[in-house]
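Each remark here refers to the structure printed beneath this line.
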Amino acid sequence: RLQLLAVNRSPPAPSCLQQIISTMETQVSNGPTSNSGLPNGPPLSANGAADDSKTNLIVNYLPQNMTQEEFKSLFGSIGEIESCKLVRDKITGQSLGYGFVNYVDPNDADKAINTLNGLKLQMKTIKVSYARPSSASIRDANLYVSGLPKSMSQKEMEQLFSQYGRIITSRILVDQVTGVSRGVGFIRFDKRIEAEEAIKGLNGQKPLGASEPITVKFANNPSQKTGQALLSHLYQTTARRYTGPLHHQTQRFRLDNLLNMAYGVKRFSPITIDSMTSLAGVNLTGASSGGWCIFVYNLSPEADESVLWQLFGPFGAVTNVKVIRDFATNKCKGFGFVTMTNYEEAAMAIASLNGYRLGDRILQVSFKTSKQHKA
DNA sequence: TATTATT
């Protein structure tokens, strides 16, 4: 039976993968501009609205594995925190490596900059600075520059670009062994408009003394992952949990699965289907008239239906999702259900997503059994 | 020829 299913399998809809990727893309929009602060001082507020310009900090270059709790603990050691947030990818839950801390007392914000900026955490040096007022005008202002003369320093690159606006960060990538410039770098401007002007003025131009023109364009947004990057992430966070020769077949299956998602190619063999089936603990209780019901456990209280669509959609036809909520608080009680039409797609989703890390939680995903409601 | 800076 499994062999038959493997042969007749319909590939997961590519549009679903596109959907999950596009959801991760940063929305670009034009919005009102606001004042920016002095380069070394707190930003100025644009209007009479709540002014947190002297209390709200942005923290960059955080270690990938730092949790919200560790983040709060570190900055809470300075003074009372009004609010703080470690920013994560909405879908994968992975830390984006930066966060915000809003202190009650401006003096504590100042103290945090003085004591924590430059702190070394696990090969990283964190940066603590005042957050600029949030505005659409400061988004997508990061430029990717290539073709730079190998001799050009970061300071020289900044000098070249500074005529177009205030530079927030700059970086020249270097060979990890020799330390020599790779001729590519990044420039982040305060405003997107400034970045646009820099492209107009510098793209295709030769820096004074250079023999080759440089290329200046908007940098790829880190959340605009390619299908490959996303799938590679999925693969790493699922298959890697299984070690040892006995699970080799399982890992092979997962890799095939992810390659299928990426390229829409059928690469299944009956043996891999069999090995996966035993892994997923398949029994027939997951089946019902409307398809295959999947139990998803360890969702966060904030989880909603969209996250289930995003997680399971790439694996194939999803007909229904449901987050179970507490009647009083309307918060998710930690689990939900997903119904998928095709057995094999459901089994693939389970094999790939069981053990998947969503935020700081490890999901448990299985076919629904008759007595799982008490979980 | 690609790091992770705006909730």
Side-chain angles (χ1 to χ4, degrees), chain A residues 24-29 31-37 39 42-43 45-46 50 52-53 55-66 68 71-72 75 81-90 92-102 113 117 121-150 154 157 165-176 181-192 194-195 203 212-226 228-229 232-233 302 359:
Chain A
M24 299 175 70
E25 291 177 353
T26 305
Q27 297 299 312
V28 179
S29 62
T33 57
S34 62
N35 297 336
S36 62
S45 64
D52 58 4
S53 65
T55 58
N56 195 27
L57 304 179
I58 185 166
V59 185
N60 293 293
Y61 309 106
L62 291 167
Q64 174 68 39
N65 59 8
M66 183 177 238
Q68 164 82 239
F71 182 60
K72 182 173 185 177
F75 285 87
I81 290 174
E82 194 275 327
S83 63
C84 75
K85 182 174 197 175
L86 177 67
V87 180
R88 298 180 146 121
D89 184 285
K90 284 185 174 60
T92 67
Q94 299 288 298
S95 166
L96 292 183
Y98 66 93
F100 296 89
V101 181
N102 194 14
I113 291 175
N117 183 43
L121 293 174
Q122 301 170 1
M123 316 313 282
K124 292 229 177 186
T125 304
I126 71 170
K127 179 178 177 184
V128 185
S129 55
Y130 289 105
R132 293 169 287 163
S134 185
S135 158
S137 65
I138 68 173
R139 291 172 55 175
D140 302 298
N142 195 22
L143 296 180
Y144 175 71
V145 187
S146 57
L148 292 166
K150 299 283 195 287
Q154 179 182 349
M157 182 175 70
R166 175 184 164 201
I167 294 171
I168 301 298
T169 56
S170 71
R171 179 189 218 97
I172 287 181
L173 302 186
V174 298
D175 184 287
Q176 288 196 338
S181 166
R182 296 169 61 190
V184 303
F186 293 88
I187 294 272
R188 180 180 298 278
F189 279 101
D190 181 43
K191 294 287 193 293
R192 179 177 174 93
E194 297 168 341
N203 183 39
E212 298 299 322
I214 61 174
T215 299
V216 184
K217 55 189 184 184
F218 282 110
N220 293 334
N221 200 301
S223 53
Q224 288 174 330
K225 286 185 181 169
T226 65
Q228 283 236 16
S232 147
H233 166 76
E302 285 71 37

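Per chain, numbering begins at 1; letters A, B, ... match sequence-line order.
Rounded to an integer number of Å, the gap from A:K150 NZ to B:dT1 C1' is 10 Å. Rounded to an integer number of Å, the gap from A:I168 CD1 to B:dT4 P is 17 Å. Rounding to whole angstrom units, CD of residue A:E302 and C1' of B:dT7 are separated by 15 Å. Atom CG in A:L148 sits roughly 13 Å away from atom P in B:dA2 (whole-Å rounding). Between A:R132 atom CZ and B:dT7 atom C1' there is a gap of 13 Å when expressed in whole angstrom units. Residue A:Y61 contributes atom OH, which lies 11 Å from atom P of B:dT6 at whole-angstrom precision. Computed from coordinates, the A:K217 NZ to B:dA2 P distance equals 11 Å when rounded to whole Å. To the nearest angstrom, P of B:dT4 lies 4 Å from CZ of A:R171.
The base of B:dT6 lies outside donor-acceptor range of the side chain of A:R139, with no N or O pair under 3.5 Å. In the interface, the side chain of A:N56 is paired with the base of B:dT7 through a donor and an acceptor atom under 3.5 Å apart.
Considering only side-chain atoms of A:V87, the nucleotide from B:dT1, B:dT3, B:dT7 that sits closest is B:dT7. Of all nucleotides listed (B:dT4, B:dT7, B:dA2), B:dA2 comes nearest to the side chain of A:A219.
Here the two rings, on A:Y144 and A:F186, have centers that are under 6.0 Å apart.
Using a 5.5 Å limit on the distance between ring centres and a 30° limit on the angle between planes, the aromatic ring of A:Y98 does not count as stacked on the six-membered base ring of B:dT4. B:dA2 has its base stacked against the ring of A:Y144, the centroids being under 5.5 angstrom apart at an interplanar angle below 30°.
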Requested in this report: Let me see the working for A:I172 and A:M157 under side chain to side chain contact (heavy atoms under 4.5 Å, CB included), right down to the final yes or no.
Outcome: CA-CA 9 Å; A:I172 287 181; A:M157 182 175 70; 3.7 Å; yes
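Between A:R182 and B:dA2 there is a side-chain N or O to OP1 or OP2 distance below 4.0 Å. For A:R188 and B:dT3, the shortest distance from a side-chain N or O to OP1 or OP2 is not below 4.0 Å.
When heavy atoms are screened at a 4.0 angstrom cut-off, A:S83 is found touching no nucleic acid atom at all.
By the side chain to side chain donor-acceptor pair (under 3.5 Å) test, A:Q68 is found to be paired with no residue, residues two or more places apart in sequence or in another chain being considered.
Where A:F186 and A:V101 each meet DNA chain B at their nearest nucleotide, the meeting point lying more 5' is that of A:F186.
Distance OG1/A:T169 to CZ/A:F189: 10.5 Å, rounded to 0.5 Å.
With 3.5 Å as the limit, one finds no donor-acceptor pair spanning the side chains of A:Q64 and A:S95.
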